[in-house]
Amino acid sequence: ALFLVPQSLFKLHPDDDRRIARVLAAAKGSRVVAFAGRHPKLTAAWRARLDRELDAGGVDAGRVVVLPQVDHDDYLRINLACDAMLDSVRWSGGNTSLDALACGLPIVTLPGRFMRGRQSAGMLALMGVEELVARDTDDYVRIAAAVADDGARRAGLAQRIRDARASIFDDS
């Protein structure tokens, strides 16, 4: 499976790095696609931090691909090419989640303590796809691995998301 981690790198906390490493360890053969930040030093620092977590978890760092910034049309095409999105916790997706859902991309999320970390969970609840909302980190890893390992389940979730888009996009 191909997991998208589209958040700006400054929003990713070291706990997100550990979750990404754990998901990759649990979902054998899966990969992560992320985007370089606007500042090369920040991108390098995040990548070094993530690589330490991957190494500690016995995960090949080559399973994480960091793409350069792209325009919005190409960004949406990348969403369409991925199998699921891994949400960050302290600052969950707003526009990134809306873009993912518009593309029918399942989002695995763990609601954070504050509103800024609960946006994706709220969107998924409105769409009736709450099985993608984790209770804790172990549940997040379990959900992500299950989505990665079961293509039929992934396709069903994507269809349910596409069918429920009106609950997000057409609600005045």
Side-chain angles (χ1 to χ4, degrees), residues 1-27 30-39 42-43 45-54 56-57 59 63-64 66-67 69 75-76 78-79 82-148 153-154 157-158 160-161 164-165 167-169 171:
L2 192 57
F3 288 110
L4 181 63
V5 177
Q7 286 83 358
S8 297
L9 298 180
F10 70 85
K11 295 180 180 180
L12 296 178
H13 186 273
D15 290 344
D16 293 310
D17 302 339
R18 282 187 279 283
R19 262 187 297 285
I20 292 168
R22 287 189 58 196
V23 166
L24 288 173
S30 61
R31 294 180 164 291
V32 162
V33 173
F35 294 97
R38 298 188 198 290
H39 305 287
L42 176 63
T43 300
W46 172 75
R47 186 60 204 240
R49 196 179 74 202
L50 176 64
D51 286 352
R52 283 192 298 274
E53 292 298 334
L54 295 169
V59 176
R63 290 173 58 197
V64 176
V66 180
L67 300 175
Q69 295 282 317
Y75 171 73
L76 292 176
I78 292 166
N79 272 259
C82 290
D83 297 303
M85 179 180 134
L86 298 178
D87 199 17
S88 57
V89 173
R90 285 176 173 77
W91 201 293
S92 79
N95 286 332
T96 55
S97 292
L98 290 170
D99 285 338
L101 295 171
C103 292
L105 190 63
I107 302 170
V108 179
T109 191
L110 173 62
R113 180 176 170 200
F114 300 108
M115 186 279 301
R116 67 177 183 252
R118 305 177 73 79
Q119 296 175 108
S120 297
M123 292 175 206
L124 290 167
L126 285 171
M127 298 178 94
V129 194
E130 293 166 293
E131 65 262 40
L132 292 170
V133 180
R135 294 180 310 275
D136 56 32
T137 295
D138 290 338
D139 197 35
Y140 182 102
V141 172
R142 181 194 61 75
I143 292 168
V147 168
R153 179 178 184 203
R154 214 171 37 245
L157 287 165
R160 286 177 52 210
I161 288 168
R165 285 185 289 203
S167 63
I168 297 284
F169 297 108
D171 183 354

Original post:
Please walk me through it: do Leu76 and Asp99 pass side chain to side chain contact (heavy atoms under 4.5 Å, CB included)?
Top reply: CA-CA 7 Å; Leu76 292 176; Asp99 285 338; 3.8 Å; yes

**OP:** Could you walk me through whether Val64 and Arg47 pass side chain to side chain contact (heavy atoms under 4.5 Å, CB included), step by step?
**Re:** CA-CA 9 Å; Val64 176; Arg47 186 60 204 240; 3.7 Å; yes

**OP:** Step by step, work out the salt bridge (charged side-chain N to carboxylate O under 4.0 Å, His left out) result for Glu131 and Arg160.
**Re:** CA-CA 12 Å; Glu131 65 262 40; Arg160 286 177 52 210; 2.3 Å; yes

**OP:** Check the pair Leu2, Arg31 against side chain to side chain contact (heavy atoms under 4.5 Å, CB included), reporting the backbone distance first and the verdict last.
**Re:** CA-CA 5 Å; Leu2 192 57; Arg31 294 180 164 291; 3.8 Å; yes

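With Ile161 as the fixed residue, the side-chain contact (heavy atoms from CB on, under 4.5 Å) test singles out one of Leu105, Ile168, Leu101: Leu101. Test Thr109, Asp87, Thr96 against Ser120 for side chain to side chain donor-acceptor pair (under 3.5 Å) and you get one pass: Asp87.
Between Leu157 and Pro106, the shortest heavy-atom contact is CB-CG, 4.0 Å. Scanning both residues, Ala27 and Ala148, for their nearest heavy atoms gives CB-CB, 3.7 Å. Closest of all the heavy-atom pairs between Val108 and Tyr140 is O-CE1, 3.5 Å. Contact detail for Met123 and Ser97: the closest heavy-atom pair is SD-CB, 3.7 Å. Of all non-hydrogen atoms in Ala36 and Val66, the two that sit nearest each other are N-CG1, 3.4 Å. Closest of all the heavy-atom pairs between Met127 and Ala164 is O-CB, 3.5 Å.
Arg90 places no side-chain N or O within 3.5 Å of a backbone atom of Gly117 that could act as its donor or acceptor partner. Ser88 contributes no side-chain N or O that, together with a main-chain N or O of Leu12, makes up a donor-acceptor pair within less than 3.5 Å. In this structure a side-chain-to-backbone donor-acceptor pair under 3.5 Å is present from Arg154 to Val147. Judged purely by atom type and a 3.5 angstrom limit, Ser8 has no side-chain atom pairing as donor or acceptor with the backbone of Lys11. Using a distance-only test at 3.5 Å, with no hydrogens or angles considered, no donor-acceptor pair links the side chain of Gln7 to the main chain of Ser92. Between the side chain of Arg165 and the backbone N or O of Ala102, at least one donor-acceptor pair lies under 3.5 Å.
No more than 12 heavy atoms of other residues, nucleotides or ligands shown are found within 6.0 angstrom of CZ on Arg135.
Taken from CG in Leu4 to CZ in Phe35, the straight-line distance is 5.5 Å, to the nearest 0.5 Å. Rounded to the nearest 0.5 angstrom, Arg118 CZ and Trp91 CH2 are separated by 15.5 Å.
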Give every donor-acceptor pair under 3.5 Å between a side-chain atom in residues 16-24 and any protein atom, sequence neighbours left out.
from	atom 1	to	atom 2	distance (Å)
Asp16	OD1	Arg19	NH2	2.8
Asp16	OD1	Val89	N	3.1
Asp16	OD2	His13	N	2.9
Asp17	OD1	Trp46	NE1	3.0
Asp17	OD1	Arg49	NH2	3.4
Asp17	OD2	Arg49	NE	2.3
Asp17	OD2	Arg49	NH2	3.0
Arg18	NH1	Glu53	OE2	3.2
Arg18	NH2	Asp15	OD1	2.5
Arg19	NH1	Thr137	OG1	3.4
Arg22	NH1	Asp138	OD1	3.1
Arg22	NH2	Asp138	OD1	2.7

